[in-house]
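In each ligand, atom 1 is the first atom listed, and ligand 1 is the first ligand listed. We use all heavy atoms of the structure for the numbers below, so side chains are in, but hydrogens, waters and symmetry mates are not.
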Amino acid sequence: MSARLEVGVIGLGVMGQRMLARLEGHARLQATQVWDADPHAVARTLAAYPRLKAAANAEALIATPGLASLYIATPPAPHMALSNRAFDAGLAVLCEKPLTVDVAAARQAIARIAREGQRAAVNFSLASSAGLAAMQAALQPGPQGALGTLQAGRIELAFAAWPRPWQAAAGAWLSERAEGGFTREVLSHFIFVLQRLLGPATVRASTPVYPADGRGAETALSAQLEAGGVPVSIEARVGGDADDVNRMTLQGSAGEIELRNWFGVYRRRAGADWDSLGDPAELRTRGQVDQLTQWVALIDGEPHGLPGFAEALAVQETIEALLNPSVTGHGLR
Ligand SMILES: NC(=O)c1ccc[n+]([C@@H]2O[C@H](COP(=O)([O-])OP(=O)(O)OC[C@H]3O[C@@H](n4cnc5c(N)ncnc54)[C@H](O)[C@@H]3O)[C@@H](O)[C@H]2O)c1
């Protein structure tokens with residue numbers, strides 16, 4: 001039987017808790033060590049999972065003998081420093097997205113990963129989704145592919161409030177312009193899918209709307225991208241009645257395929273009705289189980305489908321170009 005893989009978790013907020021719950025009872029991955037800069041978060045976690053051990057600090061956690069991997073679920077700012085410390089200790093790193101807002105630090109980490117053969121991936125949950133696989137299949141040339149010639153892409157997001165209710169307990173960073181906002185938090189997942197399918201996207205035009213206080217995250221974003229020669233439009237805003245609306249559509253000469261509300265996948269031939277590829281809740285569960293399988297493969301040094309740091313940085317560069325069109329000269333006029 002394959003050996004148990006001990007995992008340390010740094011960052012015990014909304015995402016850290018979700019990952020701890022998913023790891024419960026996993027055949028190979030077992031969370032053993034935790035740490036958070038907030039002692040209350042550590043105390044809450046130990047109360048819920050008495051079996052876990054709290055480290056004295058991040059350095060002590062990373063140095064724990066027997067650890068195989070570090071999962072980083074802090075806000076973006078410490079992601080690179082924690083990753084580098086984990087590489088120093090020979091740990092495989094699974095880091096939350098967004099990779100970082102410090103592009104220079106990310107480039108150094110990427111060079112180091114390549115130079116030293118470090119194992120590192122970023123947690124884009126759609127990487128192990130049936131939706132991504134279905135889109136990849138639909139884009140195949142020949143009878144397998146259902147789309148014909150790809151003509152356009154569309155991404156639409158709407159949130160009744162930002163942050164969304166399930167993230168209400170997250171830190172203030174999530175609603176601030178420096179590190180948070182729905183473009184980094186949510187749109188990044190769909191830019192990841194787009195770029196995995198079609199290669200690097202170029203921002204043709206972007207209009208983010210920011211609150212007047214100069215501090216709050218964007219409240220709307222309209223943009224045009226081009227990826228693989230295909231125009232892709234983005235419409236996203238805080239507004240409407242639903243907590244979390246997201247939809248990504250690829251339209252071809254012979255049909256369309258769509259991701260809806262994360263894990264739902266729908267297809268139709270031109271002129272026909274939409275067909276669901278499965279119950280979204282089941283597809284979500286399957287994706288989450290598969291994500292852990294991929295993480296095991298990362299630790300074991302085997303091939304896996306999780307995005308590496310370079311792929312995640314390419315997503316982040318597109319995201320930051322969308323958020324800062326005055327810097328990149330892509331503002332809509
Ligand atoms: N993959 C996904 O689907 C998904 C979903 C939600 C959030 N995220 C990402 O996960 C990360 C965490 O988000 P969250 O919603 O859990 O945020 P959160 O604010 O709920 O939790 C962050 C935790 O990190 C701790 N922390 C902050 N700085 C730290 C440091 N230097 N060292 C140790 N702990 C530190 C905070 O005390 C807090 O407990 C973010 O990067 C976010 O974008 C990913």
key: Residue part near ligand 1, for A73, under 4.0 Å between non-hydrogen atoms   = backbone
note = Logged contact type for E96 with ligand 1, heavy-atom cut-off 4.0 Å, is side chain
inquiry  = Once you restrict to heavy atoms under 4.0 Å, what part of R184 touches ligand 1? Side chain, backbone, both or neither.
reply    = neither
Heavy-atom nearest option to atom 21 (O) of ligand 1, drawn from C95, P78, G13 = G13
request  = Mind checking whether A170 contacts ligand 1 via backbone (N, CA, C, O), side chain (CB onward), both or neither, at a 4.0 Å heavy-atom cut-off?
outcome  = both
inquiry  = Would G16 count as a polar contact of ligand 1, with the cut-off being nitrogen or oxygen pairs under 3.5 Å?
reply    = no
task = Tell me which protein heavy atom sits closest to atom 34 (N) of ligand 1, plus the residue, atom name and distance to 0.1 Å.
result = A37 N, 3.2 Å
key: Test side chain to side chain contact (heavy atoms under 4.5 Å, CB included) applied to M19 and V9, L94, V7, the passing residue   = L94
ask   = When you measure from the side chain of H79 to the backbone N and O of P75, does any donor-acceptor pair fall under 3.5 Å?
value = yes
Protein heavy atom at shortest distance from atom 41 (O) of ligand 1 = K97 O, 2.9 Å
inquiry  = Checking W166 against D243: is there a side-chain donor and acceptor pair closer than 3.5 Å?
reply    = no
task = Please work out which of the three classes, parallel, tilted or perpendicular, describes the rings of W295 and Y71, given edges at 30° and 60°.
result = tilted
inquiry  = Before you tell me yes or no, could you show the steps for R267 and E256 under salt bridge (Lys or Arg N to Asp or Glu O under 4.0 Å), namely the whole-Å CA-CA distance, both residues' side-chain angles and the distance that decides it to 0.1 Å?
reply    = CA-CA 6 Å; R267 245 183 357 204; E256 289 177 274; over 6 Å; no
query = Can you find a side-chain donor-acceptor pair between Q17 and T45 that sits under 3.5 Å?
reply = yes
query = Judged by non-hydrogen atoms, does H189 sit under 4.0 Å from ligand 1?
reply = yes
inquiry  = Test your reading of the structure: does G171 have an N or O sitting under 3.5 Å from an N or O of ligand 1?
reply    = yes
request  = Indicate, as side chain, backbone, both or neither, the part of W173 found under 4.0 angstrom from ligand 1 when only non-hydrogen atoms are considered.
outcome  = side chain
ask   = Does one side chain, of Y49 or E24, offer a donor that lies under 3.5 Å from an acceptor on the other?
value = no
inquiry  = Quick check on A58 - does any of its heavy atoms sit under 4.0 Å from an atom of ligand 1?
reply    = no
ask   = Can you check side chain to side chain contact (heavy atoms under 4.5 Å, CB included) on V230 and Q151, steps first, answer last?
value = CA-CA 6 Å; V230 176; Q151 294 171 328; over 6 Å; no
message = Taking the cut-offs as 6.0 angstrom to the six-membered ring centre and 45 degrees off its axis, would you call R260 and Y266 a cation-pi pair?
response = yes
ask   = Considering only heavy atoms, which of N123, T74, N57, I72 lies nearest to atom 35 (C) of ligand 1?
value = T74
Among A77, G180, P75, closest by any non-hydrogen atom to atom 26 (N) of ligand 1 = P75
request  = Would you sort out whether L283 and W262 count as a side chain to side chain contact (heavy atoms under 4.5 Å, CB included), showing the intermediate values?
outcome  = CA-CA 10 Å; L283 294 178; W262 297 109; over 6 Å; no
query = Between R177 and Y210, is NZ or CZ placed under 6.0 angstrom from the six-membered ring centre and within 45° of the ring axis?
reply = yes
inquiry  = Once you restrict to heavy atoms under 4.0 Å, what part of I10 touches ligand 1? Side chain, backbone, both or neither.
reply    = side chain
note = When distances are taken from atom 16 (O) of ligand 1, the protein heavy atom at minimum range is M15 N, 2.7 Å
request  = Identify which of V14, V9, T45, D36 has a heavy atom lying nearest to atom 25 (C) of ligand 1.
outcome  = D36
remark   = For W35, the ligand 1 atoms with a heavy-atom partner under 4.0 Å come out as 32 (N), 33 (C)
message = If we only consider heavy atoms of Q17, is any one of them less than 4.0 Å away from an atom in ligand 1?
response = no
query = Relative to ligand 1, is W166 under 4.0 angstrom through side chain, backbone, both or neither, heavy atoms considered?
reply = side chain
ask   = Which atoms of ligand 1 have any heavy atom of G11 under 4.0 Å away?
value = 24 (O)
request  = Fit a plane to each ring of F309 and F87, take the angle between them on a 0 to 90° scale, and name the class: parallel (under 30°), tilted (30 to 60°) or perpendicular (over 60°).
outcome  = tilted
query = With atoms numbered from 1 as shown, which atoms in ligand 1 lie under 4.0 angstrom from a non-hydrogen atom of S125?
reply = 3 (O)
